[in-house]
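Below: one structure, written as structure tokens.
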Protein chains: 2
Amino acid sequence: MTSPEMWFTLYAIAGKGAVHRRVTMTTRELGAMLGVSQQTASRRLAECVRAGLVLKSHSVNGTILQLTEEGIRELERVLQGLEAVFAPPRDEIVIVGKVTEGLGEGAYYVDIYAQKFQEALGFRPFPGTLNVRVIDEESRRAVNMMKKSPPLIVPGFVHEGRTFGDVICYRVKVGEDINAAIVIAQRTHHSSDILELVAPVNLRRKLGLRNDDTITLRVVPLHRA
Amino acid sequence: MTSPEMWFTLYAIAGKGAVHRRVTMTTRELGAMLGVSQQTASRRLAECVRAGLVLKSHSVNGTILQLTEEGIRELERVLQGLEAVFAPPRDEIVIVGKVTEGLGEGAYYVDIYAQKFQEALGFRPFPGTLNVRVIDEESRRAVNMMKKSPPLIVPGFVHEGRTFGDVICYRVKVGEDINAAIVIAQRTHHSSDILELVAPVNLRRKLGLRNDDTITLRVVPLHRA
DNA sequence: ATTACTAAGACACGAGTAT
DNA sequence: TATACTCGTGTCTTAGTAA
């Protein structure tokens, strides 16, 4: 967990524009932003570097700073947290996205997890996933809200000496009556906007979907599942 | 300035849903969320109360907490800061809103500030303001971006023994060629979604605008003004 | 000008405990 | 059970200063 002080330091650096580019600033300046001395700012900065949140290099008049991927993710987490906090409480979480061509690997995994999915979701999944790309900000927030709701966890297992991790699922309804689930693989795709759907049927064929068609998903709360 | 610790405390409480309703929690629980002891959580909470960010009342099994307006604003500030930080750098800030009926007091103030506006903006303002209500999230973010850009400050003055404060302005273009300015009065309207426009002409008549008509404003960067 | 070390002082933390 | 007090301990901060 990132400490409050480190987080504030990160936020101050980001405020200078370090998310999109490298920025040059002095420790005195950073200290002023944080309301601490130059020395403390220097130390705080060093902490962020040690934690792998910031890259620092030296320049004649100041320090060149750049947020790392992890640093940016840290800020994104808080942004999403705040968005979720301010989102009006809703009964329904609705996600709108566009049908996207997958990498084809989905089918392989669905096949391996088929029995587990059957037990957890109550249906035998069609061997393939439908990939949905979230485009607008509203749906992106809806996805965050979904991820803050209690997930359905499909336990991992070992198969032929290989370990398959837990899979996080969220039940959704597609159209009026098709039950499906969004599955989220463990390996965190760097805040990917692509959702993978499994369903008891071939959604593409059943709904006559083509790439770039719009699809609407309604998240089903766990307690109602 | 809110300290990092206080801010984190606020954020933790908000995460429990205290933005929309009152929540009950123990100081032990809060401490666990913050990674500190029950005693420290208690003290942090007291700091937030002293700072006017949280309202606290006692209950048998825990503490009833509610964020104050100021506490919510504090979180909003960070949310907006993060949104601005993550927004892709753009050449143009575009705000779309709907024409709204004003309170009529705008004209009075424009009249009093007329000379000052003339000097700062380069045009004599039509005696009246056009009120524009921002509706969608995207424009709301655009407004935040605008507010993070360097403002044009019309200095205040004393007139007949009464003090008139500074006025913050942002130049905008309405349509293709009408120069106007968004004026923001000092007294902070609680994160109001209403913008007040001054222009050298009667925008309502010139553009044939009626209430609820959509209007598009393009913010003019100061260095290009 | 910078950054960052050392050392002394301030202050925050948590154990114990009263309520 | 709670919250919140005191107080000893230890960490964090800053002034001074080196590099």
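Order of the sequence lines sets the chain letters (A, B, ...), proteins ahead of strands, with each chain counted from 1.
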Problem - Side-chain N,O (B/Arg44) to OP1/OP2 (C/dC13) below 4.0 Å - result: yes

Exercise for the section: Encode nucleotides 14-19 of chain C as B, S and - characters from 5' to 3', where the letter depends on protein heavy atoms closer than 4.0 Å: B to the base, S only to sugar-phosphate, - to neither. Expected result: BBB---

Problem - Pairing of B/Glu137 and B/Arg140 as salt bridge, 4.0 angstrom limit - result: yes

Problem - Donor-acceptor side-chain pairing of B/Glu76 and B/Gln80 below 3.5 angstrom - result: no

Exercise for the section: Look at all strands and tell whether A/Thr63 reaches a base, only sugar-phosphate, or nothing, counting heavy atoms closer than 4.0 Å. Expected result: sugar-phosphate

Problem - Separation of B/Ile184 CD1 from B/Asp166 CG (nearest 0.5 Å) - result: 13.0 Å

Problem - side-chain N/O B/Thr27 vs D/dT3 OP1/OP2, d < 4.0 Å - result: yes

Practice task
Write down the distance between CD (A/Glu5) and P (D/dT11), rounded to a whole number of angstrom.
Solution key: 15 Å

Exercise for the section: May I ask you to check whether over 12 heavy atoms, not counting those of A/Arg218, lie within 6.0 Å of atom CZ? Expected result: yes

Practice task
State whether the number of non-hydrogen atoms from other residues, nucleotides or ligands found under 6.0 Å of B/Arg133 atom CZ is greater than 12.
Solution key: no

Handout entry: Length of the CD1-P vector between B/Ile64 and D/dT3, whole Å
Key = 12 Å

Exercise for the section: Check whether any side-chain heavy atom of A/Ile215 sits under 4.5 Å from a side-chain heavy atom of A/Val132, and report yes or no. Expected result: yes

Problem - Charged N-O contact under 4.0 Å between B/Arg77 and B/Glu70 - result: yes

Handout entry: B/Phe164 and B/Tyr109 aromatic ring geometry - parallel, tilted or perpendicular at 30°/60° bounds
Key = perpendicular

Practice task
Check the angle between the aromatic planes of A/Tyr11 and A/Trp7 and answer parallel, tilted or perpendicular using the 30° and 60° thresholds.
Solution key: parallel

Fill in the blank from the handout: To the nearest 10 degrees, the angle between the two end axes of the helix from C/dT2-D/dA19 to C/dT19-D/dA2 (five pairs per end) comes to 40°

Problem - Carboxylate-amine/guanidinium contact B/Lys16 B/Glu29, below 4.0 Å - result: yes

Handout entry: Close residues, residues 45-58 of chain B, relative to DNA chain D [heavy-atom separation under 4.0 Å]
Key = B/Lys56, B/His58

Handout entry: Side chain proximity check, B/Ile135 to B/Lys98, heavy atoms < 4.5 angstrom
Key = yes

Exercise for the section: Round to a whole Å and report the spacing from CZ of B/Arg28 to C1' of D/dT1. Expected result: 11 Å

Handout entry: Between D/dT3 (P) and B/Leu30 (CG): distance, integer Å
Key = 10 Å

